[in-house]
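The sequence lines fix the lettering, A, B, ..., with proteins before strands; numbering per chain opens at 1.
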Amino acid sequence: MDIIVTLFLLIGLFFFTGGAVGILRFPDFYSRLHPAGKLDTVGLLSAMIALALFNLHHITLGTVLTSIKILLIVVFVFLASPTATHAIVDAGVRAGLAPWTKGQERR
Amino acid sequence: MKVVGLIIALLAGSLLVYATADFPPLGDPNSPASVHVSPRYIEKTMEETDVPNIVTSVLADYRGYDTMFETTVIFCAGVACFLLLRVYRREEPQERLYRHVLTGVTIHVKAGKLPPSPDFERIDSAWTPHDLIIKTICRLLIPFIQLFALYVIAHGHHSPGGGFQGGVMLGASVIVLAMSQDLRTAVRRLREKADALMCATGVFIYAGTGALCLLLGSNFLDYSALAPVLHVDPIMARSHGIFMVEVGVGVAVMGVMIWIYNNVSSMGKYDEGL
């Protein structure tokens, strides 16, 4: 069980690291939002699955309930995070921020 | 004048820094707080108040005065925001924007006139697009946010949480409604007067619980006096008293959050906001 938990945590950490590097490295506002939105999907999913499994060391009603609550976090983040990214991009377009194209310097 | 201000600020700052030298070092086991105060709460909280979460019992029972005036400070912040920002100008904007609900056609309507058919809805002058995704997701999430806020308020006895946190969540749920639809929809759901009354009611519930203890022949905010009213023993009455106070804090914080948001986002006009 511990091996599975560690594996999931490592997958989550890998995606979170990649996303953080992406936020720092991408050239402009819209492309930086891309890794920021991606972080919350696979990274959070695998990290939360790891925590939920780690909590199930012995199966009682209490630990199962806690694990379900941890997985509910994923459900709400999956709903809220893409919506927030969508709203931010929408606001950027309406404020007149042009997307970055190849050859321009990074902003 | 600026130089005098700078000198005063520097003097006050250096006095404060000088005073910190008298503090016990961080985490010192021999400091007065760790010798007398903390062990007393850690050992006696469960048998005196029947609340497993020591933070809650210290916050709302042992230091009830402190929390009562914290709530009052929040209430004052809301009132100050209202007094500074709210304007009751009756002058209407030159023209308003209306959008046809089905086709998305946006028209300008001169002041004092109505849109040509009831299929038009008023929109903000910042040309807000009709955003189905954001509206639907917010409509889906708001009930769960509010349910979780009530859980946080009621579960403050056993886990991290309580009136302040739950109240902020309740306020945020209404603010999310105002941001995803528009300010007018949120104000239609929770009128300005109802909101202001809610702020005052929260503080009144807190102070009223204290005054009730006084009327029942005990000290102000000594909840064990509520035992005959609640039909429980005095220790359980302290636990219930903490809950009553937390509800008051939650109501006050929720009202103030919404009040401040409405005033700031619409610059006191309650007409167009985010």
Side-chain angles (χ1 to χ4, degrees), chain A residues 19 28-45 47-49 51-52 54-99, chain B residues 52-53 97 99 104 106 123-161 165-166 168-183 185-186 261 265 272-274:
Chain A
D28 82 324
F29 177 71
Y30 299 113
S31 50
R32 270 199 288 274
L33 273 173
H34 171 72
K38 286 280 178 293
L39 279 183
D40 295 336
T41 48
V42 184
L44 188 89
L45 179 68
M48 287 298 138
I49 285 177
L51 290 186
F54 182 69
N55 190 47
L56 281 175
H57 40 80
H58 51 268
I59 295 176
T60 58
L61 186 63
T63 54
V64 170
L65 267 179
T66 313
S67 294
I68 290 174
K69 281 176 195 164
I70 290 173
L71 289 183
L72 272 179
I73 296 175
V74 179
V75 173
F76 285 115
V77 172
F78 269 34
L79 283 176
S81 163
T83 317
T85 314
H86 171 81
I88 294 169
V89 171
D90 205 41
V93 172
R94 273 196 292 133
L97 183 67
Chain B
N53 189 353
L97 288 174
R99 177 172 51 218
T106 307
I123 60 171
D124 286 352
S125 53
W127 287 79
T128 40
H130 183 75
D131 211 325
L132 194 65
I133 298 173
I134 294 175
K135 278 184 187 173
T136 314
I137 292 291
C138 289
R139 222 172 65 190
L140 208 67
L141 282 185
I142 284 169
F144 290 102
I145 297 175
Q146 288 175 341
L147 199 65
F148 185 63
L150 293 178
Y151 167 80
V152 166
I153 293 181
H155 215 256
H157 285 49
H158 297 270
S159 63
Q165 292 85 344
V168 166
M169 275 184 218
L170 278 175
S173 70
V174 178
I175 291 175
V176 161
L177 177 72
M179 288 199 318
S180 65
Q181 309 273 334
D182 50 22
L183 188 68
T185 315
Y261 174 81
S265 71
E272 289 183 350
L274 274 169

Output for pair (B:Leu177 CG, B:Gln146 CD), nearest 0.5 Å, gives 9.0 Å

Rounded to the nearest 0.5 Å, what separates atom NZ in B:Lys135 from atom CG in B:Asp182? 7.0 Å

Measuring only between side-chain heavy atoms, which start at C-beta, is B:Val176 closer than 4.5 Å to B:Leu141? no

Please work out whether the ring planes of B:His155 and B:Tyr151 are parallel, tilted or perpendicular, with thresholds of 30° and 60°. parallel

Name all residues meeting the side chain to side chain contact (heavy atoms under 4.5 Å, CB included) criterion together with A:Ile49; count only those two or more places apart in sequence or in a different chain, and write none if there are none. A:Phe8, A:Leu45, A:Leu53, A:Leu71

Is the side chain of B:Asn53 donor-acceptor paired with the backbone N or O of B:His157 at a distance under 3.5 Å, no angle test? no

Any residue of residues 73-87 of chain A which, by heavy atoms, sits under 4.5 Å from chain B: A:Phe76, A:Leu79, A:Ala80, A:Thr83, A:His86, A:Ala87

Can you say whether B:Ile134 sits under 4.5 Å from chain A via the side chain, the backbone, both, or neither, judging by heavy atoms? both

